[in-house]
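Letters go in sequence order (proteins before strands), and every chain restarts at 1.
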There are 2 protein chains.
Amino acid sequence: MTTIQESAGRGRPRSERAEKAIVDATLDMIGEGVTVSELSIEAVANRAGVGKTTIYRRWANKEDLVVDSLATLRLPMPEPGGTDVRADLIEYLEVMRSESSELRNRCITNIALNEADRFPDLYRRFRELVIEPRREAFRQVLRRGVATGELRPDLDVEVAMSMLIGAMLFHTKMSGPAYPVPDDLAVRLVDEALRGFRYDVTRNVAS
Amino acid sequence: MTTIQESAGRGRPRSERAEKAIVDATLDMIGEGVTVSELSIEAVANRAGVGKTTIYRRWANKEDLVVDSLATLRLPMPEPGGTDVRADLIEYLEVMRSESSELRNRCITNIALNEADRFPDLYRRFRELVIEPRREAFRQVLRRGVATGELRPDLDVEVAMSMLIGAMLFHTKMSGPAYPVPDDLAVRLVDEALRGFRYDVTRNVAS
DNA sequence: AGTTTTCGAAACGAGACCGTTGCGTATCGT
DNA sequence: ACGATACGCAACGGTCTCGTTTCGAAAACT
């Protein structure tokens, strides 16, 4: 926690309600696409229905507020079903897709993709806390597939991850009323990736 | 062009040098990750070594300036070599990779990924002008591959595009001193995609 | 009761940009 | 030469946000 040292429990205790409202307002705004640079303490206070004093009393600066807020976002990746690699990959990609429709979860990609250059420190902490655990879970699915023989033994796991995750992020980021994410995108991605693009007459055409 | 009506050629002509400096400054700042919202005419003028008047004389507002500046970015996709699909795909992805190292070209992805929600009009014009032509060129490569029999006849071309483009964008956006884009990423992406992840004992293991 | 701390609200001076205007100079056509 | 227009520069009044301070009320403690 980067919260300012809280004083001894002498006088009136800090309102948890206010704290939650502040964090919620911060996450909502970031999810809506507000840049960290643009995010003003004043706007957060108004949105949270809270005095600016209440924010400054708890966080020394904007970056600390953002980091603490993002830290509450640690969504666990579900344990994969484990029936086969295909099902696990589809499950994870489907989680990404469904999460992207909720405003709150867009914080993750917005921060990861937009703020790396300008707030390297924030980005580094966020990457360790939120991004890497998810990448690792995904990586394990592929590794397990190689181990069980479902996937090629010489599969380039990192490149494979980039293809699947990159494609899904690409769609969810570009999505909007005019360009919706297809409902079955996860399935289609995984099947195309597993099968390969090339036409191979020696192989059974029916997958 | 959204430039303000230029007056008759009576007095002193407008300086092309100034105009270029303005556009350059605009593109540089966007390439560095400055949001369109954050981009101030004042900052552009200072960076270009130009009076604000000179900018306001040519463009009615910030959005027009940005659109005109971006319009100068129409990099042509090279005609594909045409030897085979693999070579063409690698060539296009390699163009994306090498372009991404130049600050100027980062404007394209920065605008496409960050500003769609907040400047839908700007995004729409930019998409038609810059993005779609490139997507179409890429799409043609895949279609040609299907036609020649190099790729599966039932290949999901849109999903295939997302996988390759998404993966490359994912890497170039995330790239930085700590996470460089591998030199051979284009080759590795294309080969994994063509081959497929799945281990298929009926097929020759050597690609 | 008395003390301490937090609460939301309001106001502060400082600074950034806004879009506009005036200034003196430079550069073109006539 | 002369009028017209563009140039860079500086200043204008106005709005917004900054981070800080002050205020009276509220809510816990001894």
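- Distance CD (Glu42(B)) to C1' (dG15(C)): 12 Å, rounded to an integer number of Å.
- If you run side-chain contact (heavy atoms from CB on, under 4.5 Å) between Cys107(B) and each of Leu73(B), Asp28(B), Val66(B), only Leu73(B) comes through.
- Both Pro13(B) and Lys52(B) lie close to DNA chain D; mapped to their nearest nucleotides by heavy-atom distance, the more 5′-ward contact belongs to Pro13(B).
- For Arg124(B), the salt bridge (charged side-chain N to carboxylate O under 4.0 Å, His left out) partners at least two apart in sequence or on another chain are Asp121(B), Glu128(B).
- Looking at Tyr92(A) and Arg97(A), their side chains never bring a donor and an acceptor atom within 3.5 Å of each other.
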Polar pairs (N or O, both sides) under 3.5 Å between protein and nucleotides 24-26 of chain C?
residue, atom, partner, partner atom, Å
dA26(C), N3, Arg12(B), NH1, 3.1

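- The separation between Asp64(B) atom CG and dG19(C) atom P is 12 Å, rounded to whole Å.
- Residues Glu42(A) and Ser40(A) have side chains that never bring a donor and an acceptor to within less than 3.5 angstrom of each other.
- For Ser37(A), the side-chain contact (heavy atoms from CB on, under 4.5 Å) test picks out Thr35(A), Arg118(A), Phe119(A), Glu38(B), with sequence neighbours left out.
- Nucleotides of DNA chain C nearest to Lys62(B) and Gly49(A) differ in position, and the one nearer the 5' end is that of Gly49(A).
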Discussion item. Under the criterion salt bridge (Lys or Arg N to Asp or Glu O under 4.0 Å), I'd like the reasoning laid out for Asp191(A) against Arg195(A): C-alpha separation, chi angles, the key distance, then a yes or no.
Written reply: CA-CA 6 Å; Asp191(A) 281 337; Arg195(A) 197 174 181 190; over 6 Å; no
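- Side-chain atoms of Thr53(B) lie closest to dT21(C) of the nucleotides dA28(D), dT21(C), dC7(C).
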